[in-house]
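Step one of this worksheet: look at the structure below.
Values in this document were obtained by computation on a predicted structure and should not be read as measured data.
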Amino acid sequence: MLHRLTISELTARLARREVSAREATQACLDQIARVDGDIRAFISHDPADALAQADGADKAIAAGADFTRQPLLGVPIALKDVLAVKGQPLNCCSKILGNFRSPYDATVVEKLKAAGAIIFGRLNMDEFAMGSSTENSAFQTTRNPWDTARIPGGSSGGSAAAVAADECIASLGSDTGGSIRQPAALCGCVGMKPTYGRVSRYGLVAFASSLDQIGPFTKDVRDAAMVLEAISGHDPRDSTSVPQPVPHFSKQLTRDIRGLRLGLPKEYMVGGLAPEVKAAVDAAVKQLESLGASVQEISLPHTDYDVAVYYIIATAEASANLARFDGVRYGARVDGADPLEMYGNTRGAGFGAEVKRRIILGTYVLSSGYYDAYYLRAQKVRTLIRQDYLKAFEQVDAILTPTTPTPAFKVGEKSGDPLQMYLSDIFTIGCNLAGIPGLSLPCGFAPNAKPGAPDAKLPIGLQLLGKPFGEETILRIAHAYEQSTPWHKERAL
Ligand code: GLN
């Protein structure tokens, strides 16, 4: 059952030499063989390479490796298919990248390797991270481990499902408008989007560069702190990475939360919120109060504009970023009579419908005559949204919201209606627009009427939002809540 362990449990056993990294890696590979035919979180993985890395970790442990210097030594961690690993395929779950392989490691991959992690497997996602259900992958649809008739969330659905199904010990995803927190909530794991600039984006394929951040999916809050600590830090190769010291997040977790002030945005408890989600969040608020935090209502008055502003800025940036996929620089090419026809043929065949929709929308809002009315206006409203948060943080230490309006929906339920799909990120998008850190952790379950399974249930997520570079505070609050509730101990399979 080694695949079921958390990072802190596994590394404690590895350090005591009770188990080997090879055994832990093999347990994950066995779990993949057992369940991934149904879950379909992985689009590829290389068992021989994973075991070879595990043997390397075992050698280091036998030679007396120092776990304080290599806190992830021997821990199998899988990656969303948007992060570069030298020599491995990188597709962003799109057809347009063809058989492209990364010529270098992303900074986060270098950092995970330096911390001793075993990097294995490519995880399914919505094409170019555009989506909320992982149904936009050009390769396959990932299923929610709590109910395979339902979606795992997106765009990092593979990263969430793999952790929830114990196919890896932890994973990385990327979050542009909720793509870590939303699938973490729907799959019942912990997911964290760091402050913009905390983690280097070098080696992350860009979707919307001013919003994208890489972050961890884990089985508990301590593990999220450990992975975040390993991947954070200034990187001269990413000009938006911020030279801020990286706190020892995992050492700060057990500090008391007594006296901390939490804000509940009144704009978030609105129509469309499922009653079981509201009940779980209300109960979490009471629990946090019983731990000594004080809770007050706050206001984020521009919340109504979050989704509209996001879909202008994100599509504008995506249309520019995706111009590089032209049949010349990377991957697939469909020839034509001249270069223009070749570009058209390549992009026409290579991109899926959602990606095309966004490129067209983004090109439109940036075009002359519309730029001022849409893009420029959206940038101004984005500033107001960020100011709302900064103002709220003058009164409170963290903000509490539901992560999603509903538990996981059914496969196919929203795929024909992009607007309905976009609204599933209504609570997560503000955090990216404001550039602040956010975390989702399990806060209960909704009953799930499932034929043949009378006690079936679906996870619900609680979102904590923090001040810029205030990850330490939201991790501490999350940890105190988690340790006083049973939710994180429940496993999907
Ligand atoms: N679901 C949102 C979108 O489709 C967010 C995606 C993300 O965070 N990568 O754009």
Please report whether the ring centroid of Phe100 lies less than 6.0 Å from that of Phe325.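 Ring centres of Phe100 and Phe325 not closer than 6.0 Å.
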
State the [atom1]-[atom2] distance between [X] and [Y], to the nearest 0.5 angstrom.
X	Y	atom1	atom2	result
Ile39	Thr141	CD1	OG1	13.0 Å
Arg122	Ser159	CZ	OG	10.0 Å
Ile77	Ser171	CD1	OG	8.5 Å
Arg222	Thr6	CZ	OG1	9.0 Å

Least distance between heavy atoms, [X] atom then [Y] atom:
X	Y	answer
Phe427	Thr403	CB-O, 3.6 Å
Asn91	Gly98	ND2-O, 2.9 Å
Pro194	Leu228	CG-CD1, 3.6 Å
Pro216	Leu172	CA-CD2, 4.0 Å

Show your reasoning for whether side chain to side chain contact (heavy atoms under 4.5 Å, CB included) applies to Leu123 and Phe42. CA-CA 5 Å; Leu123 293 165; Phe42 283 82; 3.8 Å; yes

Among Asp326, Ile96, Val328, exactly one meets side-chain contact (heavy atoms from CB on, under 4.5 Å) together with Thr346. Which residue is that? Ile96

Check: Ala318 main-chain N/O paired with Arg358 side-chain donor or acceptor under 3.5 Å: no

Please check: side-chain N/O of Arg101 versus main-chain N/O of Gly87, any donor-acceptor pairing under 3.5 Å? yes

Kindly determine whether Ser200 and Asp235 satisfy side-chain hydrogen bond (donor to acceptor under 3.5 Å, both in side chains), including the steps that lead there. CA-CA 6 Å; Ser200 169; Asp235 179 7; 2.6 Å; yes

Is there side-chain contact between Gln463 and Leu465, with at least one heavy-atom pair below 4.5 Å? yes

Going by side-chain hydrogen bond (donor to acceptor under 3.5 Å, both in side chains), Glu471 matches just one of Gln252, Lys193, Arg476, Arg198. Which one?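 Among Gln252, Lys193, Arg476, Arg198, the one meeting side-chain hydrogen bond (donor to acceptor under 3.5 Å, both in side chains) with Glu471 is Arg198.
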
With distance as the sole criterion, is a donor-acceptor pair present between the side chains of Ser102 and Gln88 under 3.5 Å? no

Side chains of Gln182 and Thr404, donor plus acceptor under 3.5 Å: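 No, no side-chain donor-acceptor contact under 3.5 Å.
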
Does atom NZ (Lys59) have a neighbourhood of more than 12 heavy atoms from anything else shown, all under 6.0 Å?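 Open.
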
Does Arg34 have more than 12 heavy atoms from other residues, nucleotides or ligands lying within 6.0 Å of its CZ?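 Counting neighbours around CZ of Arg34, more than 12 heavy atoms of other residues, nucleotides or ligands fall under 6.0 Å, so yes.
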
What verdict does the side-chain hydrogen bond (donor to acceptor under 3.5 Å, both in side chains) test give for Asp38 and Thr148, after you've listed the backbone C-alpha separation in whole Å, the side-chain angles of each residue and the deciding distance to 0.1 Å? CA-CA 7 Å; Asp38 292 331; Thr148 53; over 6 Å; no

For Asp397 and Thr473, what are the C-alpha separation, side-chain angles and deciding distance, and is it a side-chain hydrogen bond (donor to acceptor under 3.5 Å, both in side chains)? CA-CA 8 Å; Asp397 301 296; Thr473 306; over 6 Å; no

Salt bridge flag under 4.0 Å for residues Glu472 and Arg255: yes

